[in-house]
Amino acid sequence: MRHAIILQLLLASAALRAEVFLLGPGAGSPSSPGLALAPTELWTEPVIVNGARNNLKVSLLRTSLADSFKLLRQKYPAAKFAFNAESLLFEVLDGDIRRRVFLVECGKPPYPVMQFSMDFGEIPENFRWPASLPSAPDCTPLQTMEFPERSAFFGSFQSNFPSKTVLSSVHSALLADGWQPLTREAAKAQLGQSKGEIYVRFNPSEIITISTLDKEDGTSLANIYRKKLR
């Protein structure tokens, strides 16, 4: 369960920073950045991104997030990064293949960082928002990811409405569908005092988490994660 939560936080962080992430063209054909930091591989699992099938490799690193950033920047000077204090998103172009690495702080030495790496061609830009995830008014999908082996879904979207409207709409829809809020933070959405909520439903047991972010132009971004609990 811990690795699922870590993955959720990482994906959410990456999606919220998508608009500030720019990819610079690489020079030549670089070696795979997924191996650049000598990772200890944990597992590989299938993932469906915007309807396209792929594989996600999950590993542990002995290098800190800061040192990992320095090493990747040295090895791939043409690439650009998106990062904050807890996570890092990196992507480099290798011919027609894009190699993407997500790093997130997850603990203390000897393995302070968890790495998620994926190689892919073009990710579809035209795709449908999955029926398994709630949506909101004026929802424009940005990205969806399905993890078949863990019965989990992730999606990010943009709305022309502020986050309080988005969260209130999703909250009402989930309540009507039998979901129960755990933190009861969403009830404060219209007061501008909440940006997210965690929901649970039984028979079968599932969780949904939602986080929202207001943008300066009055629009908002939202990230939703849904998973069946075994």
Side-chain angles (χ1 to χ4, degrees), residues 1-21 47-50 56 65 82-89 100 102-106 114 116 127 129-147 150-201 205-229:
M1 186 64 182
R2 176 177 172 81
H3 61 253
I5 294 173
I6 291 173
L7 179 59
Q8 170 204 348
L9 295 176
L10 172 62
L11 293 173
S13 175
L16 288 174
R17 288 162 179 79
E19 64 180 347
V20 301
F21 175 70
V47 60
I48 302 173
V49 182
N50 294 1
L56 178 70
L65 190 64
F83 59 90
N84 60 15
E86 295 83 26
S87 63
L88 168 69
L89 170 63
R100 179 174 293 179
F102 306 89
L103 303 181
V104 62
E105 284 192 349
C106 64
M114 183 169 278
F116 304 85
F127 58 95
W129 185 257
S132 55
L133 294 178
S135 60
D138 200 27
C139 167
T140 300
L142 299 177
Q143 183 185 59
T144 62
M145 301 181 77
E146 178 183 353
F147 303 89
R150 67 177 71 191
S151 299
F153 300 84
F154 169 82
S156 63
F157 65 80
Q158 178 172 315
S159 173
N160 284 328
F161 291 93
S163 63
K164 64 179 183 180
T165 303
V166 170
L167 184 54
S168 294
S169 175
V170 172
H171 179 68
S172 298
L174 290 176
L175 289 181
D177 202 26
W179 292 87
Q180 303 174 24
L182 293 183
T183 69
R184 303 194 181 279
E185 287 296 308
K188 308 174 186 177
Q190 285 299 329
L191 301 177
Q193 298 177 357
S194 177
K195 300 296 183 182
E197 181 62 274
I198 302 172
Y199 300 87
V200 64
R201 188 170 68 175
S205 298
E206 297 181 86
I207 62 168
I208 283 182
T209 68
I210 177 171
S211 61
T212 62
L213 176 70
D214 282 310
K215 298 173 62 178
E216 293 183 356
D217 61 1
T219 64
S220 63
L221 300 174
N223 296 282
I224 300 176
Y225 179 79
R226 178 175 181 172
K227 176 175 171 48
K228 289 185 178 180
L229 302 177

Which heavy-atom pair separates Leu221 from Leu142 by the least distance, and what is that distance?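 Heavy atoms only, the tightest pair is CD2-CD1, 3.7 Å.
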Sequence-distant partners of Phe157, ring pair (Phe, Tyr, Trp, His ring centres under 6.0 Å), two or more places apart: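 Listed in chain order: Trp129.
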Do Thr144 and Phe153 have side chains that approach each other closer than 4.5 Å (heavy atoms only, starting at C-beta)?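 Side-chain contact under 4.5 Å: no.
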Side chains of Thr212 and Lys164: closer than 4.5 Å at any heavy-atom pair?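 The answer is no, as the side chains (C-beta and beyond) never meet within the 4.5 Å cut-off.
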Short side-chain to backbone donor-acceptor contact, Ser169 and Thr165, under 3.5 Å: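 Here the side-chain-to-backbone pair does not exist.
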Just jot down the side-chain contact (heavy atoms from CB on, under 4.5 Å) partners of [X], sequence neighbours excluded, or say none.
{"X": "Pro181", "answer": "His171, Leu175, Arg184, Glu197, Tyr199"}
{"X": "Ser220", "answer": "Ser159, Ser163, Val166, Asp214"}
{"X": "Pro134", "answer": "Val170, Leu174, Ile208, Ile224"}
{"X": "Ser205", "answer": "Phe202, Leu229"}

Any chance you could measure [X], atom [atom1], to [Y], atom [atom2], to the nearest 0.5 Å?
{"X": "Glu105", "Y": "Ser87", "atom1": "CD", "atom2": "OG", "answer": "9.0 Å"}
{"X": "Cys139", "Y": "Asn160", "atom1": "SG", "atom2": "CG", "answer": "10.5 Å"}
{"X": "Phe83", "Y": "Leu65", "atom1": "CZ", "atom2": "CG", "answer": "9.5 Å"}
{"X": "Met114", "Y": "Phe102", "atom1": "CE", "atom2": "CZ", "answer": "14.5 Å"}
{"X": "Tyr225", "Y": "Ile210", "atom1": "OH", "atom2": "CD1", "answer": "15.5 Å"}

Identify, with sequence neighbours excluded, every residue that meets side-chain hydrogen bond (donor to acceptor under 3.5 Å, both in side chains) alongside Thr219.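 side-chain hydrogen bond (donor to acceptor under 3.5 Å, both in side chains) list for Thr219, sorted by chain: Asp217.
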For Glu206, which residues count as a salt bridge (Lys or Arg N to Asp or Glu O under 4.0 Å) partner, sequence neighbours excluded?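 Expected list: Arg201, Arg226.
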For Asp138, salt bridge (Lys or Arg N to Asp or Glu O under 4.0 Å) partners two or more places apart: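 With sequence neighbours excluded, Asp138 shows a salt bridge (Lys or Arg N to Asp or Glu O under 4.0 Å) to no residue whatsoever.
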Between Arg100 and Leu89, is the side chain to side chain contact (heavy atoms under 4.5 Å, CB included) condition met? List the steps. CA-CA 8 Å; Arg100 179 174 293 179; Leu89 170 63; 3.8 Å; yes
